[in-house]
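Down below is the structure, laid out as structure tokens.
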Amino acid sequence: MTGEIESDSGSILFDGNNISGVPVHLRSAHGLARSFQISNIFHDMTTWDNVALAVQAHAGHSFHFWKNASQEQELRRPAIEFLAMVGLENRAKFVAGQLSHGEHRQLEIAMALATNPKMLLLDEPMAGMGPKESQAIVKILQNLKRKLTILLIEHDMDVVFTLADRITVLVNGRGIATDIPDAIKKNQKVIAAYLGEESYHA
Amino acid sequence: MKGTPRIIFIVILMLGLGVVPLLADYFDEPFYTVMFSRMLILSIGAVSLNLILGFGGMVSFGHAVYLGIGSYMVGIGTMHAVEDGIEWMANGFLQITLAIVFSALTGLVIGAISLRTRGVYFIMITLAFSQMLYFVAVGNERYGGDDGLSLYMRSDFNGLIDITYDNSLYYLNFVILLLSLYLSHRLINSRFGMVIRGAKSNEQRMRAIGFPVFRYQLVAFVIAGTICGIAGVLSANQTEFVNPSVMHWTRSGDLIIMTVLGGLGTLFGPVIGAVAFLFLEEFLSGITEYWQLYFGPMLVLVVIFARGGIDGMLVGLDKWWSRNSTVKNEEID
């Protein structure tokens with residue numbers, strides 16, 4: 001989906017365009033944003049810088065050699081708004097590497113949002129989180145799903161059934177069912193595979 | 001800005017560099033002007049390397065090639081001016097322009113190819129390119145080949161700056177060093193600089209949020225090469241001699257050592273590194289012929305114990321200082 005690994009077969013249609021062979025950085029321009037399973041942020045920059053950089057990515061080309069980017073309001077102000085959306089505004093001036101694991105995930109979502117996506121691809125945003133932290137993320141996502149499409153890859157059933165409008169169940173890389181949550185709960189094949197190692201897509 | 005030990009050190013260093021010729025004249029030791037002049041020139045080279053190495057994470061092992069290009073622009077021009085009487089070829093503005101153009105073109109070609117690779121491959125390819133150009137210079141008998149070219153005059157700047165005197169050349173070097181420091185300060189804090197630093201920090205992430213990283217890195221690579229090309233012009237004028245060894249891979253290695261020794265990815269680190277490197281070289285080689293035997297372990301110690309180079313040590317000193325001064329303030333309260 002994100003273009004890091006080429007697909008073996010099939011094609012990916014996104015918003016009416018075939019993006020199968022499109023390089024990673026252009027997928028972002030199409031409106032596809034992702035978070036990573038392992039926290040993937042700029043550890044040596046401040047939280048604010050992290051998001052500002054994501055804003056900058058979609059504010060035209062970056063061949064500006066002279067003006068101080070950390071004083072440009074058109075980058076800094078949206079960045080702090082996105083941080084506020086995920087509840088990290090009081091962490092803006094901390095170096096990102098010092099934040100907790102849960103905060104890293106929140107930062108990831110803020111960065112993904114800053115790229116102004118039509119669809120947000122979240123790869124296990126709750127991985128390795130305590131129940132309290134993942135509750136915070138669920139809350140954030142509940143607000144977000146009204147504004148844009150979210151593709152969530154998640155193992156945690158409670159989270160999936162709380163958030164999802166449509167669920168696809170994958171077993172060994174194959175989709176065995178796609179339906180609304182209530183129907184999925186009753187699906188025989190899903191119940192059969194229920195105790196195995198499967199992922200849920202919402 | 002608070003007067004921390006690090007800032008005080010850097011201010012003293014820069015002011016000190018500013019008055020070297022005056023002191024050398026006063027003590028009648030003109031040799032020091034020449035020695036510090038070399039430091040300034042290599043500082044410019046190290047500052048330019050730091051743009052891609054320190055801020056961009058691109059370990060170019062061929063940066064001295066631009067020193068060579070700049071030097072040969074002076075060498076070739078001056079040779080034609082002296083031997084064939086084509087006086088305009090000794091014009092310094094022309095030589096600097098040509099050095100900029102050729103360094104940029106070389107950087108564009110080397111960068112376009114080597115930036116498609118990463119890690120050790122990038123190091124090896126930049127090294128291979130620089131050695132290729134080194135052997136071109138060695139094989140080129142028309143322009144001195146292995147023996148190089150002696151310059152019978154320095155570049156002529158239309159009488160605006162007369163660099164026949166070591167002192168005036170020194171101040172030309174000093175001004176260009178200050179300009180390149182200011183330029184890199186602006187660059188690294190601009191949007192462009194943020195992209196370069198972001199790519200060093202996490203390239204995969206940069207792509208995912210939508211940056212075409214390659215083109216920014218290539219431009220940074222070209223800019224760094226161009227600045228170093230200007231340093232080459234100054235270097236040829238300083239030594240009044242050009243030979244292929246200015247772009248030998250050991251010179252590229254020296255530039256990397258200076259940058260690492262001073263502090264990667266800090267504005268003044270490369271200047272500190274270049275001054276320390278040449279100072280140690282001068283000092284140690286005065287004591288023993290085998291000075292490198294002592295210099296090597298010193299570098300190893302710096303790399304192991306002071307990850308941020310000398311500038312990193314100063315930052316550590318700052319922390320210690322601020323801890324102590326807050327303790328003192330509390331005592332007063």
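Letters A, B, ... are given to chains in the order of the sequence lines, protein chains preceding strands, and every chain is numbered from 1.
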Between A:Ala59 and chain B, with a heavy-atom cut-off of 4.5 Å, which part of the residue counts as in contact: side chain, backbone, both or neither? both
Sorted by number, residues from residues 177-193 of chain B in contact with chain A (heavy atoms, under 4.5 Å): B:Tyr182, B:Leu183, B:Arg186, B:Leu187, B:Asn189, B:Ser190, B:Arg191, B:Phe192
Looking only at atom types and distance, does a side-chain atom of B:Ser235 sit under 3.5 Å from a main-chain N or O of B:Ala231, one as donor and one as acceptor? no
Looking at B:Glu203 and B:Arg207, is there a salt bridge between them, counting it only when a charged N and a carboxylate O are closer than 4.0 Å? yes
Could you tell me which residues satisfy side-chain hydrogen bond (donor to acceptor under 3.5 Å, both in side chains) with A:Asp49, sequence neighbours excluded, listed by chain and number? A:Thr46, A:Arg76
Please look at A:Glu72 and chain B and tell me whether the side chain, the backbone, both or neither of the residue comes under 4.5 angstrom of a heavy atom of that chain. side chain
Check whether the ring centres of B:Phe122 and B:Phe61 lie less than 6.0 Å apart, and answer yes or no. no
Selection from A:His64, A:Met45, A:His61 maximising heavy-atom pairs under 4.5 Å formed with chain B: A:His64
Looking at B:Phe9, is B:Arg6 sitting on its ring face, NZ or CZ under 6.0 Å from the six-membered ring centre and within 45 degrees of the normal? no
Is a side-chain donor or acceptor of B:Asn50 paired with a backbone partner of B:Thr266 at a separation under 3.5 angstrom? yes
Portion of B:Val219 that has a non-hydrogen atom of chain A nearer than 4.5 angstrom: side chain
Between B:Lys200 and B:Gly54, is there a donor-acceptor pair closer than 3.5 Å when you use the side chain of the first and the backbone of the second? yes
Select one option (side chain, backbone, both, neither) describing which atoms of A:His58 are under 4.5 Å from chain B's heavy atoms. side chain
One should read off an interatomic distance between B:Leu234 CG and B:Asn173 CG, to the nearest 0.5 angstrom, of 4.5 Å
